[in-house]
Amino acid sequence: MNSTFFHKFSFNLLGFGPLFLILSIFTLSVIATYSLNYLDKERGRSRYWLLYFLFSGGIFICSFSANLESFYVGWEMVGLASFFLIAFYQANSRSLENSLLALANYKICDIFFVIAIFFHEGEHQFLSGLCLILATLAKSAQFPFSSWLYRALEGPTPSSTVFYGGLSLHLGPFLLLQNTSLWDGSLS
């Protein structure tokens, strides 16, 4: 990575960001309210809330991001929290296997996200757009990266709602909508 990578972080609330943020806050609030009673006597409840807030923070960073570098930080926070939420019941071997499958799918597509970051300026903008499309496939559970989604049910029910409720699934299309400028020149 070059030294300017970390100097490029910028945040604002433009484009589809405000709408995504409002929908995310509503969804996360409903899930948090349900989680309070559902996990009341559950072992590991503190770990659940830590992961829940890590996931939420990643969603908020993505909502406020003004560039790919900033979005990537939130993207990775969501992926990491998702992995640990699916693997929440550590004594269950299926839970661990399914979390590793989700992580493998995420990491394959994360490679394309990193490539998109490095090619998003200059003459390789269309390549960056194609890489972003490939990067969104895992988070959005699109073929051939869709097998992780139904296996995400291994985690606590409220965390599965985060995936099926659409926050993780809609992060990919939101990324594409926030970066439509990558395709403006290629479509004309």
Side-chain angles (χ1 to χ4, degrees), residues 17 19-65 68-114 132 134-176 178:
L19 179 60
F20 190 74
L21 182 63
I22 290 168
L23 292 174
S24 297
I25 289 171
F26 174 76
T27 305
L28 288 167
S29 299
V30 169
I31 295 168
T33 302
Y34 177 75
S35 297
L36 286 172
N37 291 329
Y38 183 84
L39 295 167
D40 186 37
K41 306 240 189 301
E42 187 79 34
R43 286 186 55 201
R45 144 177 107 245
S46 298
R47 183 169 34 101
Y48 170 81
W49 286 110
L50 176 69
L51 294 171
Y52 187 80
F53 288 122
L54 177 66
F55 184 93
S56 301
I59 292 290
F60 292 158
I61 288 174
C62 289
S63 298
F64 286 111
S65 69
L68 291 178
E69 293 85 359
S70 305
F71 202 102
Y72 184 74
V73 171
W75 179 273
E76 285 300 317
M77 287 171 65
V78 168
L80 183 65
S82 299
F83 166 73
F84 285 116
L85 284 169
I86 296 169
F88 185 78
Y89 298 114
Q90 298 168 352
N92 181 351
S93 63
R94 278 189 14 201
S95 177
L96 296 174
E97 290 169 13
N98 291 336
S99 65
L100 288 173
L101 176 67
L103 182 67
N105 282 308
Y106 277 9
K107 291 300 146 195
I108 289 169
C109 291
D110 288 349
I111 292 168
F112 291 109
F113 199 125
V114 171
L132 282 183
L134 293 171
T136 62
L137 292 178
K139 287 273 199 280
S140 302
Q142 299 298 309
F143 181 80
F145 301 102
S146 57
S147 62
W148 72 267
L149 185 57
Y150 71 90
R151 295 175 182 191
L153 286 172
E154 291 294 332
T157 301
S159 68
S160 299
T161 308
V162 168
F163 305 121
Y164 289 104
L167 291 180
S168 185
L169 293 179
H170 288 101
L171 198 55
F174 175 66
L175 171 64
L176 296 178
Q178 287 292 85

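Basis for what follows: all heavy atoms, side chains included, without hydrogens, waters or symmetry-related copies.
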I'd like to check the salt bridge (charged side-chain N to carboxylate O under 4.0 Å, His left out) partners of R94; sequence neighbours left out, ordered by chain and number.
E154
Which heavy atom of F112 sits nearest to which heavy atom of A135, and what is that distance?
CB-N, 3.9 Å
Listed partners of S140 passing side-chain contact (heavy atoms from CB on, under 4.5 Å), at least two apart
T136, Q142, P173
Got more than 12 heavy atoms from elsewhere within 6.0 Å of CZ, F84?
no
Tell me every residue that passes side-chain contact (heavy atoms from CB on, under 4.5 Å) with A102, counting only those two or more places apart in sequence or in another chain.
I86, W148
Grab the two heavy atoms, one from M77 and one from I61, that are nearest each other, plus how far apart they are.
SD-CD1, 3.5 Å
Between atom CG of L28 and atom CG of L21, what is the distance when rounded to the nearest 0.5 Å?
9.5 Å
Drop me the distance from S93's OG to N98's CG, to the nearest 0.5 angstrom.
9.0 Å
Can you tell if the side chain of Y106 reaches within under 4.5 Å of the side chain of F83, non-hydrogen atoms only?
no
Distance col, row L80:CG vs L85:CG, nearest 0.5 angstrom, shows 9.5 Å
Contacts of Y38 meeting side-chain hydrogen bond (donor to acceptor under 3.5 Å, both in side chains) (sequence neighbours excluded), chain-then-number -> T157
Within a strict 4.5 Å, meaning less than it, do heavy atoms of the I111 and L134 side chains meet?
no
Mind checking what makes side-chain hydrogen bond (donor to acceptor under 3.5 Å, both in side chains) contact with S35, not counting sequence neighbours?
Y48
Between F113 and L175, is a side-chain contact (heavy atoms from CB on, under 4.5 Å) present by the stated rule, with each step listed?
CA-CA 10 Å; F113 199 125; L175 171 64; 3.5 Å; yes
So, using ring pair (Phe, Tyr, Trp, His ring centres under 6.0 Å) as the criterion, who are the partners of F71 when residues are at least two apart?
F174
Mark yes or no for whether T27, through its side chain, and S24, through its backbone, hold a donor-acceptor pair below 3.5 Å.
no
Under the side-chain contact (heavy atoms from CB on, under 4.5 Å) test, which residues partner L101, sequence neighbours left out?
N105, S147, R151
OH of Y89 to CZ of R43, rounded to nearest 0.5 Å, is 11.5 Å
If I take atom CD1 from residue I59 and atom NE2 from residue H170, how far apart are they, to the nearest 0.5 angstrom?
11.0 Å
Minimum side-chain heavy-atom gap S82-F55 below 4.5 Å:
yes
Applied to residues 46-64, the salt bridge (Lys or Arg N to Asp or Glu O under 4.0 Å) test, sequence neighbours excluded, yields none
Residue set satisfying side-chain hydrogen bond (donor to acceptor under 3.5 Å, both in side chains) with S70, at least two apart, ordered chain then number -> N67
Sequence neighbours excluded, which residues qualify as side-chain contact (heavy atoms from CB on, under 4.5 Å) partners of F53?
W49
Check salt bridge (charged side-chain N to carboxylate O under 4.0 Å, His left out) between E76 and all other residues, then give those that pass, not counting sequence neighbours.
K107
